[in-house]
Amino acid sequence: MEGVRGIAVFALVGVFAASMIAAAAIDARSRRFPNILAAFMTLVAVGLSWSLFPAPAFFARVCCSIAFLCVLVGFELVWRRVFGRSGLGMGDVKALAILALISPAAAFAAFCISMLLLSIICLVRRLESLPLLPLLLPAFAFLVAICPSVWSRLDGGMGF
């Protein structure tokens, strides 16, 4: 039975990686993260997280994802009211919440790294904005692939 589970996890990782590539390409081209793709990625991330982690850790990840979503939507609403324009797009917020279903610590680190890179690129190129997903998704994939034990320890250290 363990072999079947391993194949299922491998397939889910592949599908999630392919959908991350699609999301980054769409955002780079049109500055959108379609809701249908976000819903699909959420389902795959839930399946992946459910198959990788015991129930308490899975539900903790879901709670963390919801918390990220609420905090960033609240921040964005305040930002739009104060500055009269958007800061983060709602697609960026959705993407972070989806990534947090897999690893909250790696998702947060990837978000910080991608925001820093985005700021530097915009300053150097004198641009007002750029799409975030082409930076966020590879940063997350890199962090999860290069140091999976670090993120599992960090997530575990936070009760996840």
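The figures that follow rest on heavy atoms only: side chains count, while hydrogens, waters and symmetry mates do not. None of the values given here were measured: they were computed from a predicted structure.
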Open item on the list: As a quick check of understanding, evaluate side chain to side chain contact (heavy atoms under 4.5 Å, CB included) for Leu12 and Leu52, giving each step before the final call.
Closed with: CA-CA 11 Å; Leu12 286 170; Leu52 288 174; over 6 Å; no
- [ ] Begin from the C-alpha positions of Val44 and Ile98 and carry the test side chain to side chain contact (heavy atoms under 4.5 Å, CB included) through to its verdict.
- [x] CA-CA 9 Å; Val44 174; Ile98 292 167; over 6 Å; no
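Pro134 and Ala24 get closest at one heavy-atom pair: CG-O, 3.5 Å. The two residues Ala100 and Ser65 come nearest to each other via the heavy atoms CB-CA, 3.9 Å. Scanning both residues, Ala95 and Leu136, for their nearest heavy atoms gives CB-CD2, 4.0 Å. Summarising the geometry of Pro138 relative to Leu133, their closest heavy-atom pair is CD-O, 3.7 Å, with the distance given to 0.1 Å.
Partners of Arg32 according to the side chain to side chain donor-acceptor pair (under 3.5 Å) rule, which considers only residues two or more places apart in sequence or in another chain, do not exist here. Phe83 is linked by a ring pair (Phe, Tyr, Trp, His ring centres under 6.0 Å) to Trp79, counting only residues two or more places apart in sequence or in another chain. The side chain to side chain contact (heavy atoms under 4.5 Å, CB included) search around Leu43 returns none, not counting sequence neighbours.
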Identify every side-chain donor-acceptor pair in residues 119-127 under 3.5 Å, counting partners at least two apart or on other chains, and give the distances.
{"residue": "Ser119", "atom": "OG", "partner": "Met115", "partner atom": "O", "Å": "2.8"}

Can I get a per-line list of side-chain donor-acceptor pairs under 3.5 Å for residues 70-78, giving both atom names and the distance, sequence neighbours left out?
{"residue": "Glu76", "atom": "OE1", "partner": "Gly87", "partner atom": "N", "Å": "3.4"}
{"residue": "Glu76", "atom": "OE1", "partner": "Leu88", "partner atom": "N", "Å": "2.8"}
{"residue": "Glu76", "atom": "OE2", "partner": "Arg80", "partner atom": "NE", "Å": "2.6"}
{"residue": "Glu76", "atom": "OE2", "partner": "Arg80", "partner atom": "NH2", "Å": "3.4"}
{"residue": "Glu76", "atom": "OE2", "partner": "Gly87", "partner atom": "N", "Å": "2.9"}

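Ring geometry for Trp50 against Phe58 counts as perpendicular: the plane angle is over 60°, on a 0 to 90° scale with 30° as the lower cut.
For the pair Phe68 and Phe111, the minimum side-chain heavy-atom distance is 4.5 Å or more.
Ser129 and Arg31 share a donor-acceptor pair across their side chains, judged by distance under 3.5 Å alone.
Met41 and Ile21 are not part of a single hydrophobic cluster, where members link through side-chain heavy atoms under 4.5 Å apart.
Rounding to the nearest 0.5 Å gives a distance of 5.5 Å between CZ of Phe140 and OG of Ser103. Separating the CG atom in Leu130 from the CG atom in Leu117 is a distance of 11.5 Å, to the nearest 0.5 Å. To the nearest 0.5 Å, atom OG of residue Ser49 and atom CG of residue Leu101 are 6.5 Å apart.
Residues in residues 13-45 take part in no ring-ring contact (aromatic ring centres under 6.0 Å, His included) pair, two or more places apart or across chains.
Looking only at distances, no side-chain donor or acceptor of Ser51 sits under 3.5 Å from a matching main-chain atom of Val9. Checking side-chain atoms of Ser86 against main-chain N and O of Gly89 turns up no donor-acceptor pair under 3.5 Å.
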